[in-house]
Amino acid sequence: GGEDSPALKTTFKGNVFNWSTEDGNFSLTMGSWVQFRLTYNDERAQDAEGPSDPNSAIASNGRDFWNFKITRAKTFFRGNIVSKEWKYFVLFHWTAGGNDLLEEAYMTWAKYKEFNVSAGQTKIPFSYEFLVGYNKLQMCEGSVVNETFNQGWGKGLWLSGVIGDDQRTWIKYVVGIFNGALRANN
């Protein structure tokens with residue numbers, strides 16, 4: 001005979017599934033979220049040039065319409081494998097399609113909170129707003145400044161950590177080397 005495998009515990013809490021072994025050397029958390037947008041476009045007097053246009057009184061009403069769009073539909077998997085210090089994260093963006101389906105996928109060695117080493121594909125850490133997930137923003141989209149200056153996703157190697165005690169974080173850092181190509185082009 002061989003050794004018995006550790007039992008797998010399954011939980012559902014906070015709208016995510018979690019599976020983990022009793023010894024904690026393996027865990028898998030899976031969750032999904034969908035963001036949608038419903039818009040109504042009211043097109044009045046589309047063939048007039050404005051209130052001073054002599055045709056504005058007889059202008060026809062434009063074609064009003066409703067639009068429903070699934071802006072984002074994502075599924076994530078995260079956890080640890082082999083031991084608690086080897087962590088992984090995978091994020092699928094179902095509405096992106098094509099080469100953009102796999103949005104993020106990386107492994108992290110996180111033995112110490114002050115020093116972590118990660119490799120894979122992720123958001124390039126340029127601005128804090130870009131690093132915050134859209135499911136945690138108050139509006140559906142990020143700011144125009146963020147959309148203009150963010151660096152997108154890339155493949156690379158990065159170091160990260162948190163310096164401080166359990167009561168207060170003094171410094172949180174991320175430093176990395178990325179390939180510089182858009183995720184769809186690499």
Side-chain angles (χ1 to χ4, degrees), residues 1-35 70-137 150-186:
E3 288 186 31
D4 290 337
S5 297
L8 196 60
K9 177 181 157 188
T10 302
T11 58
F12 181 74
K13 185 177 180 181
N15 296 327
V16 296
F17 284 101
N18 185 285
W19 295 271
S20 60
T21 56
E22 291 175 353
D23 60 6
N25 287 334
F26 171 80
S27 71
L28 168 66
T29 300
M30 182 190 86
S32 291
W33 58 276
V34 177
Q35 193 174 51
I70 297 177
T71 310
R72 293 175 186 86
K74 299 186 180 189
T75 301
F76 71 87
F77 301 92
R78 72 170 171 244
N80 58 283
I81 193 165
V82 179
S83 69
K84 292 180 183 178
E85 64 194 49
W86 289 100
K87 301 181 182 303
Y88 63 89
F89 181 78
V90 178
L91 178 65
F92 291 100
H93 187 170
W94 302 113
T95 56
N99 291 335
D100 291 341
L101 182 63
L102 180 63
E103 191 165 275
E104 294 189 59
Y106 58 85
M107 290 285 299
T108 301
W109 177 72
K111 186 167 184 169
Y112 310 103
K113 70 176 186 167
E114 297 86 6
F115 183 77
N116 303 312
V117 180
S118 301
Q121 177 173 293
T122 191
K123 292 179 177 182
I124 297 175
F126 182 74
S127 72
Y128 181 74
E129 181 180 350
F130 184 59
L131 295 176
V132 174
Y134 283 109
N135 60 331
K136 294 182 175 44
L137 294 177
N150 77 53
Q151 300 296 303
W153 287 260
K155 293 178 182 169
L157 175 73
W158 61 98
L159 308 175
S160 63
V162 175
I163 299 172
D165 54 27
D166 292 337
Q167 306 299 318
R168 182 178 307 158
T169 298
W170 296 331
I171 296 173
K172 184 176 183 178
Y173 71 92
V174 179
V175 177
I177 299 173
F178 294 90
N179 65 351
L182 296 175
R183 66 183 168 177
N185 296 331
N186 54 7

Asn18/Thr29 under side-chain hydrogen bond (donor to acceptor under 3.5 Å, both in side chains): CA gap, chis, key distance, verdict: CA-CA 4 Å; Asn18 185 285; Thr29 300; 2.6 Å; yes
Trace of the side chain to side chain contact (heavy atoms under 4.5 Å, CB included) decision for Thr122 with Phe89: CA-CA 10 Å; Thr122 191; Phe89 181 78; over 6 Å; no
Derivation of the salt bridge (Lys or Arg N to Asp or Glu O under 4.0 Å) call for Lys9 and Glu22: CA-CA 7 Å; Lys9 177 181 157 188; Glu22 291 175 353; over 6 Å; no
Chi angles and distances behind the side chain to side chain contact (heavy atoms under 4.5 Å, CB included) call for Val90, Phe76: CA-CA 6 Å; Val90 178; Phe76 71 87; over 6 Å; no
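Using modelled atom types, one side-chain atom of Gln121 and one backbone atom of Glu103 make a donor-acceptor pair closer than 3.5 Å. Using modelled atom types, no side-chain atom of Lys74 and backbone atom of Gly31 make a donor-acceptor pair closer than 3.5 Å.
Residues Trp153 and Phe178 keep their aromatic ring centres 6.0 Å or farther apart.
Phe12 CZ: more than 12 foreign heavy atoms inside a 6.0 Å radius. With a 6.0 Å radius and a threshold of 12 heavy atoms from other residues, nucleotides or ligands, Asp165 has its CG atom above the threshold.
The side-chain heavy atoms of Arg78 and Lys87, taken from C-beta on, include no pair separated by under 4.5 Å. Two residues are said to be in side-chain contact when any heavy atoms from C-beta on lie closer than 4.5 Å; Ile70 and Trp94 fail this criterion. Inter-residue side-chain proximity for Tyr106 and Trp158 is flagged as met; some heavy-atom pair is nearer than 4.5 Å. Looking at Ile81 and Met107, their side chains come closer than 4.5 Å, going by heavy atoms from C-beta outward. For the pair Leu91/Phe77, no side-chain contact is recorded, criterion being any heavy-atom separation below 4.5 Å from C-beta on.
Salt-bridge annotation for Lys123 and Glu104: absent, with no side-chain N of the basic residue lying under 4.0 Å from a carboxylate O of the acidic one.
Note on ring orientation: taking the six-membered ring where Trp is involved, the planes of Trp86 and Trp109 are tilted (angle from 30° to 60°).
Nearest approach of Thr95 to Thr71, heavy atoms of both residues: OG1-O, 3.3 Å. The minimum heavy-atom distance between Tyr88 and Phe26, with the atom names listed, is OH-CE1, 4.2 Å. The minimum heavy-atom distance linking Glu114 with Tyr173 is given by the pair O-OH, 2.6 Å. Summarising the geometry of Asn25 relative to Thr21, their closest heavy-atom pair is N-OG1, 3.4 Å, with the distance given to 0.1 Å. Listed here is the closest heavy atom pair of Leu157 and Ser118: CD1-O, 3.2 Å. Minimum heavy-atom separation, Ser27 to Asn80: OG-OD1, 2.5 Å.
Rounding to the nearest 0.5 Å gives a distance of 4.5 Å between CZ of Arg72 and CD of Gln35.
Looking at Thr108 and Asn116, their side chains never bring a donor and an acceptor atom within 3.5 Å of each other.
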